[in-house]
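Okay, structure first, notes after.
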Amino acid sequence: MKRTSQALSKAVGDETIVLHVESGHYYGLNEVGAFIWSLLDDDIEFDQILCAVRAEFDIDKPSAELDIQNLLDELHAKQLIDY
């Protein structure tokens with residue numbers, strides 16, 4: 001999965017603001033979401049994201065899997081990433 005061409009982003013402190021160009025809608029990502037977003041520069045697999053998040057943040061695997069999948073599903077639904 002990776003970002004779509006419709007997604008522009010800007011880091012603001014520990015957070016990231018993402019703009020869907022076509023719709024003009026803005027979305028805010030917290031520190032963990034911003035970290036995940038940074039991994040989506042290139043095509044990346046879910047397991048790679050999971051390992052990177054767990055290495056960076058103190059989070060157990062089941063919680064990380066659920067939270068990451070929820071975020072990715074939301075970003076996909078908003079046409080900000082492609083699977």
Side-chain angles (χ1 to χ4, degrees):
M1 66 198 77
K2 67 180 188 173
R3 300 177 196 172
T4 68
S5 62
Q6 289 295 313
L8 298 177
S9 61
K10 176 75 174 166
V12 180
D14 289 338
E15 299 181 350
T16 296
I17 305 301
V18 181
L19 168 67
H20 184 273
V21 175
E22 191 173 303
S23 71
H25 290 115
Y26 285 90
Y27 305 95
L29 300 173
N30 65 17
E31 182 180 4
V32 178
F35 179 78
I36 293 169
W37 184 257
S38 73
L39 299 174
L40 297 169
D41 276 339
D42 297 311
D43 202 15
I44 189 168
E45 298 295 323
F46 182 87
D47 289 340
Q48 295 171 295
I49 296 170
L50 177 62
C51 288
V53 168
R54 292 196 63 224
E56 185 72 18
F57 300 96
D58 183 26
I59 185 169
D60 63 276
K61 187 175 181 180
S63 295
E65 287 175 328
L66 180 61
D67 291 347
I68 293 167
Q69 190 61 60
N70 287 340
L71 175 62
L72 294 175
D73 288 345
E74 186 175 344
L75 293 172
H76 184 259
K78 293 176 180 176
Q79 301 176 336
L80 298 171
I81 65 168
D82 287 325
Y83 285 141

List the atom of Ile17, the atom of Gly28, and the distance in Å for their closest heavy-atom pair. CD1-CA, 4.2 Å
Atom pair CG/CG of Asp14 and Leu29 - distance to nearest 0.5 Å: 12.5 Å
Got a second to check how far Lys78's NZ is from Asp73's CG, nearest 0.5 Å? 12.0 Å
Verify the neighbour count for atom OH of Tyr26: are there more than 12 heavy atoms of other residues, nucleotides or ligands below 6.0 Å? no
With side chain to side chain donor-acceptor pair (under 3.5 Å) as the test, would you mind laying out the steps for Glu74 and Asn70 before giving the verdict? CA-CA 6 Å; Glu74 186 175 344; Asn70 287 340; over 6 Å; no
Heavy-atom closest pair (Ser9 atom, Thr16 atom, distance to 0.1 Å) is CB-CG2, 3.8 Å
Taking the side chain as every heavy atom from C-beta outward, state whether Trp37 and Leu71 have any atom pair closer than 4.5 Å. no
Are Leu8 and Leu40 grouped together when hydrophobic residues (ILVMFWY) are joined by side-chain heavy atoms under 4.5 angstrom apart? no
Kindly write out the residues that satisfy ring pair (Phe, Tyr, Trp, His ring centres under 6.0 Å) with Phe35, not counting sequence neighbours, or none if the list is empty. Phe57
Gln79 to Gln6 - nearest heavy-atom pair and separation: O-CB, 4.3 Å
Are Leu80 and Ile44 grouped together when hydrophobic residues (ILVMFWY) are joined by side-chain heavy atoms under 4.5 angstrom apart? yes
Got a sec: does the NE2 of His25 have more than 12 other heavy atoms crowding it under 6.0 Å? no
Which atom pair, heavy atoms only, marks the closest approach of Phe46 to Met1? N-CE, 4.0 Å
Looking at Ile59, Val53, Val32, which one forms a side chain to side chain contact (heavy atoms under 4.5 Å, CB included) with Asp67? Ile59
At what distance, to the nearest 0.5 angstrom, does CG of Asp82 lie from NE2 of His76? 6.0 Å
Interatomic distance, Cys51 atom SG to Lys61 atom NZ [nearest 0.5 angstrom]: 7.5 Å
Working to the nearest 0.5 Å, report the span between CD of Glu65 and CD1 of Ile49. 12.5 Å
With the side chain counted from C-beta on, respond yes when Arg3 and Asp41 share a heavy-atom pair under 4.5 Å apart, and no when they do not. yes
Are any of the side-chain heavy atoms of Ile36 and Leu72 separated by less than 4.5 Å? yes
What are the two closest non-hydrogen atoms of Ala64 and Leu50, and how far apart are they? CB-CD1, 3.6 Å
Connected to Leu66, directly or through other members, by ILVMFWY side-chain contacts below 4.5 Å are none
Can you confirm whether or not the ring centre of His20 sits under 6.0 Å from the ring centre of Tyr27? no
Using only atom types and a distance under 3.5 Å, with no angle test, would you say the side chain of Gln48 pairs donor to acceptor with the backbone of Glu45? yes
